[in-house]
Structure formats: C-alpha cells, structure tokens
Amino acid sequence: MSLVIETIAIGDELLTGKISDTNSTFVAGELFSLGAVVSRQTVIPDQVEVIKRQLDESSRRAQMVICFGGLGPTTDDLTVDCVAELLGGGVTVHPGQKEKLIALYQKQNRPVDETALRQVRYPKKSEPIGNTVGLAPGFRCELGNCIFFFVPGVPGEMRGMVRTAVKETATQLLGKSGEPLHSHFWRCVGIWESQLQTLMNPLERELPQGAWLGYRTTYPENQLSLYYRQGKGESLEPFLTMQQKIREAVAPYAYTECYDSLEATVVQLLIDKKRSIALAESCTGGLVTHRLTRIPGCSDVVWGGAAVYQLGAKEILLGVRCETEDAAVSAVCSRQLAEAVKNRSGCPLAAAITGYMGPEPDGTETNPSGTIFTAVVGEGNALREERFVLTRPDRQARQWGASTLLLDQIRREIETLA
C-alpha cells in the first residue's frame with residue numbers, strides 16, 4: 001500500500017489570487033525525490049471552524065499531512081490555537097525562538113510585547129521544530145493515526161523544516177510501506193502533445209502492472225514521465241525495459257532525461273564540446289541570450305548577442321541591409337545575421353532568428369503571423385535552417401516558443417560536433 005500524503009495551505013490571501021500556494025509544489029517535489037507522491041493539495045481560509053474541519057478530514061484519509069501558514073503574530077494567524085484546542089493542553093512558548101526574538105527586537109529597538117510573542121508559541125502536546133531562518137517554530141503532532149507537520153507559510157522558513165523533519169519522517173514511513181516509487185523523465189521539443197500521445201499509445205498498452213505515464217505541456221515543450229510502483233518482491237526489470245523502449249521512441253525529440261532546462265542543456269553541451277556561440281536576435285529581442293546567460297558557467301561559452309530588432313539595427317550593428325520589413329523576416333535575413341555575428345565575434349558557432357510575433361495583422365499570405373526563421377551557422381560554415389509557424393496567439397508565448405525552438409536547433413547542431 002502506498003503512502004498517502006496531503007498538504008494544507010492556510011491563508012485568505014491564497015484564495016484571493018494575490019499569491020499562489022508554491023509551498024505545496026515544493027513539498028511535492030521534495031517528497032517525490034524520495035519516491036512519495038502527494039495525493040491531495042488543499043487551500044483553506046483563515047477561519048477556525050474551517051481549519052478544524054479540514055484537519056479532521058485529512059487525518060481520516062492520510063498518513064502524513066504538511067500544513068503551511070497561520071503561525072505568525074497577527075489576529076488572522078489561528079493555526080497554533082486551533083491545533084492546541086484539538087490536542088488539549090493549551091500552548092507554550094519555544095524558549096530558543098523566544099531568545100532569538102528578544103535579541104532581534106532589541107537590535108531593532110522594538111518592544112517585545114504580547115503580540116510579538118504570539119509567533120514563538122506552539123501547542124504543548126506537540127513536538128516543536130526549530131526555525132533557523134525566522135522566528136516562528138514549526139511543530140509535529142498526531143491527530144488520529146495521522147502525523148501532522150505545521151510549518152511557516154514563508155517559503156524560506158518552510159523549506160529547511162521540510163528538508164529535515166518532514167523528509168526524515170516520510171523516509172521512515174516509506175520504508176514501512178515497502179512499495180518504492182521509481183520514475184524517469186524526458187523533455188521533448190518538436191512534437192505536439194497529441195503526437196506524443198499517439199507515439200506512446202502502443203507502449204502504454206505494454207505497461208507492466210504498477211506503471212503509468214504522465215504528460216505535461218510547458219509550451220512549446222512536452223514532458224513525459226514514466227512511473228513504476230514496485231511491489232514487495234517484484235523485479236525492477238519491467239521498469240527498466242519500458243524505460244529503454246520509451247527512450248528509443250522519443251529519441252528524435254528528447255533533449256534531456258533529467259530535469260535540466262533546454263538552456264542549461266545547451267550551455268553544458270558548449271562546455272563539454274569546448275565551443276562558444278554568438279547570437280543575433282530580431283523577433284525575440286535578446287531572450288535567447290538572456291536564457292543562456294542565466295546558467296552558471298555561461299561566461300566561458302556565450303560570447304554575447306545583438307538584439308537587432310529594427311531594420312536600422314540590423315544594418316548598423318551587423319551590416320545586414322533589408323529593404324523592407326517583410327525581407328527582414330526571411331530565411332535569407334536570418335542566415336545573413338548569423339553569418340555576420342559569427343564573423344564579428346570569431347565564435348565557431350552563431351545563431352539568429354527573425355519572425356512575426358504579432359499581434360495580427362502582421363505577416364504575409366505566405367508567412368502569416370507567428371512565422372519564424374532560425375539559422376545556426378557552425379564550423380566549416382555548416383548551416384542549419386528551419387521555418388516554424390507558432391500557433392499561440394499571444395506575443396509573449398510566441399517569443400518564448402521562438403526562443404525555445406532556436407535553442408533546440410542550437411542543441412542539435414552542437415551534438416553533431418566532435
């Protein structure tokens with residue numbers, strides 16, 4: 001039997017659209033790395049009866065629940081008192097966190113009053129968890145047969161408690177369940193979601209018991225996951241066999257079997273191949289260069305880029321003259337931009353992109369809005385050119401999609417190098 005885990009995020013602001021529950025996402029990722037899957041995520045308001053009812057409901061379903069928020073000093077921070085009432089015994093003050101609070105407040109010339117001390121309380125019939133980042137302690141307790149963790153809603157304070165106390169308990173519970181979860185992951189570019197499903201249809205019919213596939217689209221990528229719940233005494237061989245079959249099927253599209261981004265993959269390939277690259281971007285306005293330069297180690301392999309958006313910029317910065325706007329969105333222009341930035345930089349690799357990003361009615365009958373042209377010039381003037389038509393209607397999505405497609409073309413060219 002698999003481990004049942006839930007998260008509960010407490011806070012009115014989470015239900016008004018002001019902020020998102022990123023804590024549950026973080027916890028799901030941390031626990032998944034252990035082989036556990038969060039079965040339910042719940043967001044509730046700062047209301048005493050709602051909090052109590054939700055804790056009771058979750059305790060009847062789950063073996064472990066992680067709750068965020070409501071541990072601070074304000075009147076809408078109700079979690080400590082709600083849990084103390086359910087457990088009985090009242091509340092107490094965490095001595096270590098109190099000392100930390102007093103020292104901080106004295107340093108800031110702030111009074112240590114009753115309101116301030118509210119944030120260092122926890123229920124007496126619970127086990128406190130020290131907060132190395134902030135002031136409010138977390139705590140652990142049991143309600144029914146379920147283990148609860150209550151941690152601050154502030155992400156920086158929550159993460160340390162999850163990585164220590166929560167993951168330690170989850171590991172122990174997983175050991176008792178005896179059914180580890182295995183997974184493998186592919187990130188694909190150049191294949192539509194429906195096409196990926198069609199590609200996987202025959203393989204899904206071959207999935208062994210306890211295995212399933214998961215699909216996720218982050219335009220223009222499609223991501224595929226293989227999961228396998230290994231029962232007691234069962235072999236891992238069916239999972240490994242299916243993993244290889246999927247690997248072979250998605251080989252033309254998958255750029256990584258890790259969680260690395262496409263830009264991180266490109267930078268690492270450049271480092272491994274000891275090559276550098278220069279870029280010329282029109283319709284993406286420097287987005288490709290930006291994505292690459294966010295990756296540690298990029299300074300050794302990314303020469304730089306030119307955001308040559310207007311016709312004058314193309315001519316003045318790179319010497320590429322286009323008589324009309326339509327001529328500037330073409331395979332010829334992209335190729336000329338790539339060749340020009342390659343010559344001026346001295347890099348062995350260069351890439352360029354032009355396109356119509358909208359809003360409509362830009363574009364032409366032959367090249368409608370959303371059309372892009374990519375060019376990658378490699379060693380020996382090897383040329384890789386592509387034309388794509390982006391289907392998303394909004395400009396930002398198109399720019400992101402265009403930058404991704406150019407990065408993928410760069411990746412494919414680097415992979416051909418010795």
Side-chain angles (χ1 to χ4, degrees), residues 6-27 41-59 64-108 110-143 146-162 164-166:
E6 296 187 10
T7 64
I8 302 173
I10 304 170
D12 292 338
E13 66 278 7
L14 296 166
L15 295 168
T16 61
K18 294 179 180 178
I19 62 172
S20 301
D21 173 27
T22 58
N23 290 343
S24 289
T25 302
F26 173 81
V27 168
Q41 299 175 351
T42 304
V43 179
I44 59 175
D46 296 303
Q47 297 177 18
V48 172
E49 292 307 316
V50 175
I51 295 171
K52 290 180 181 178
R53 184 168 61 249
Q54 185 60 55
L55 296 180
D56 178 66
E57 291 176 2
S58 294
S59 72
M64 187 168 80
V65 177
I66 303 95
C67 303
F68 319 104
L71 307 185
T74 57
T75 54
D76 62 348
D77 290 314
L78 306 170
T79 304
V80 172
D81 294 296
C82 284
V83 178
E85 187 173 337
L86 291 172
L87 295 174
V91 301
T92 187
V93 170
H94 191 291
Q97 297 298 140
K98 180 180 178 180
E99 289 180 12
K100 185 176 179 180
L101 182 147
I102 292 172
L104 176 64
Y105 275 44
Q106 287 178 343
K107 186 177 180 180
Q108 298 175 342
R110 297 166 61 188
V112 179
D113 55 18
E114 184 177 342
T115 299
L117 291 173
R118 274 180 54 83
Q119 62 195 301
V120 294
R121 303 176 308 143
Y122 68 95
K124 286 182 179 179
K125 291 187 177 180
S126 69
E127 179 184 341
I129 304 171
N131 188 336
T132 59
V133 178
L135 297 175
F139 54 94
R140 177 188 190 274
C141 66
E142 293 186 19
L143 293 171
C146 181
I147 298 172
F148 279 80
F149 286 91
F150 295 87
V151 297
V154 179
E157 299 180 32
M158 171 273 302
R159 289 174 186 148
M161 298 183 189
V162 169
T164 53
V166 174

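Computed from a predicted model, the values in this text were never measured in an experiment. Only this structure's heavy atoms are used, side chains among them; waters, hydrogens and symmetry mates stay out.
Residues Val43 and Leu15 come closest through the heavy atom pair CG1-CD2, 3.6 Å. Residues Ala165 and Ile129 share a closest heavy-atom pair of CB-CD1, 4.0 Å. Between Val65 and Ile8 the shortest heavy-atom distance is CG1-CD1, 3.8 Å. What you find for Leu135 and Gln97 is that their closest heavy atoms are O-NE2, 2.7 Å. Ala116 and Asp113 get closest at one heavy-atom pair: N-OD1, 2.9 Å. When all heavy atoms of Glu6 and Ser58 are compared, the closest pair comes out as OE1-OG, 3.0 Å.
The NZ atom of Lys107 sits 16.0 Å away from atom CD1 of Ile102, with the distance rounded to the nearest 0.5 Å. Atoms OG1 and CE, from Thr132 and Met161 in turn, are 7.0 Å apart once rounded to the nearest 0.5 Å. In this structure, the separation between CD on Gln47 and SG on Cys82 is 10.5 Å, given to the nearest 0.5 Å. In this structure, NZ on Lys98 lies 6.0 Å from CG on Leu117, to the nearest 0.5 angstrom.
Checked by atom type and distance alone, the side chain of Ser24 never pairs as donor or acceptor with a backbone atom of Thr42 at under 3.5 Å. Formation of a donor-acceptor pair under 3.5 Å by the Arg110 side chain with backbone atoms of Tyr105 is not found in this model.
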Show your working on side chain to side chain contact (heavy atoms under 4.5 Å, CB included) between Ile51 and Ile44 and close with a plain yes or no. CA-CA 7 Å; Ile51 295 171; Ile44 59 175; 4.0 Å; yes
Set out, in order, the CA-CA distance, both residues' side-chain angles and the distance that settles side chain to side chain contact (heavy atoms under 4.5 Å, CB included) for Leu55 and Cys67, then state yes or no. CA-CA 9 Å; Leu55 296 180; Cys67 303; 3.9 Å; yes
Trace of the side chain to side chain contact (heavy atoms under 4.5 Å, CB included) decision for Phe148 with Ser126: CA-CA 10 Å; Phe148 279 80; Ser126 69; over 6 Å; no
Check the pair Leu87, Cys141 against side chain to side chain contact (heavy atoms under 4.5 Å, CB included), reporting the backbone distance first and the verdict last. CA-CA 9 Å; Leu87 295 174; Cys141 66; 3.9 Å; yes
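For the pair Asp46 and Glu13, the minimum side-chain heavy-atom distance is below 4.5 Å. By the 4.5 Å heavy-atom criterion applied to side chains, Val50 and Arg53 are counted as neighbours. Residues Met64 and Val166 meet the side-chain proximity criterion, which asks for heavy atoms closer than 4.5 Å.
Within the structure, every pair that satisfies the side-chain hydrogen bond (donor to acceptor under 3.5 Å, both in side chains) test and touches residues 81-94, not counting sequence neighbours, is listed here: Lys52-Glu85, Asp81-Arg121.
In the displayed structure, Lys125 atom NZ is contacted under 6.0 Å by at most 12 heavy atoms of other residues, nucleotides or ligands. Residue Gln108 places its CD atom among more than 12 non-hydrogen atoms of other residues, nucleotides or ligands, all under 6.0 Å distant.
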Show me the side-chain donor-acceptor pairs of residues 149-159 shorter than 3.5 Å, one per line, residues at least two apart or across chains.
from: Glu157; atom 1: OE1; to: Asn131; atom 2: ND2; distance (Å): 2.7

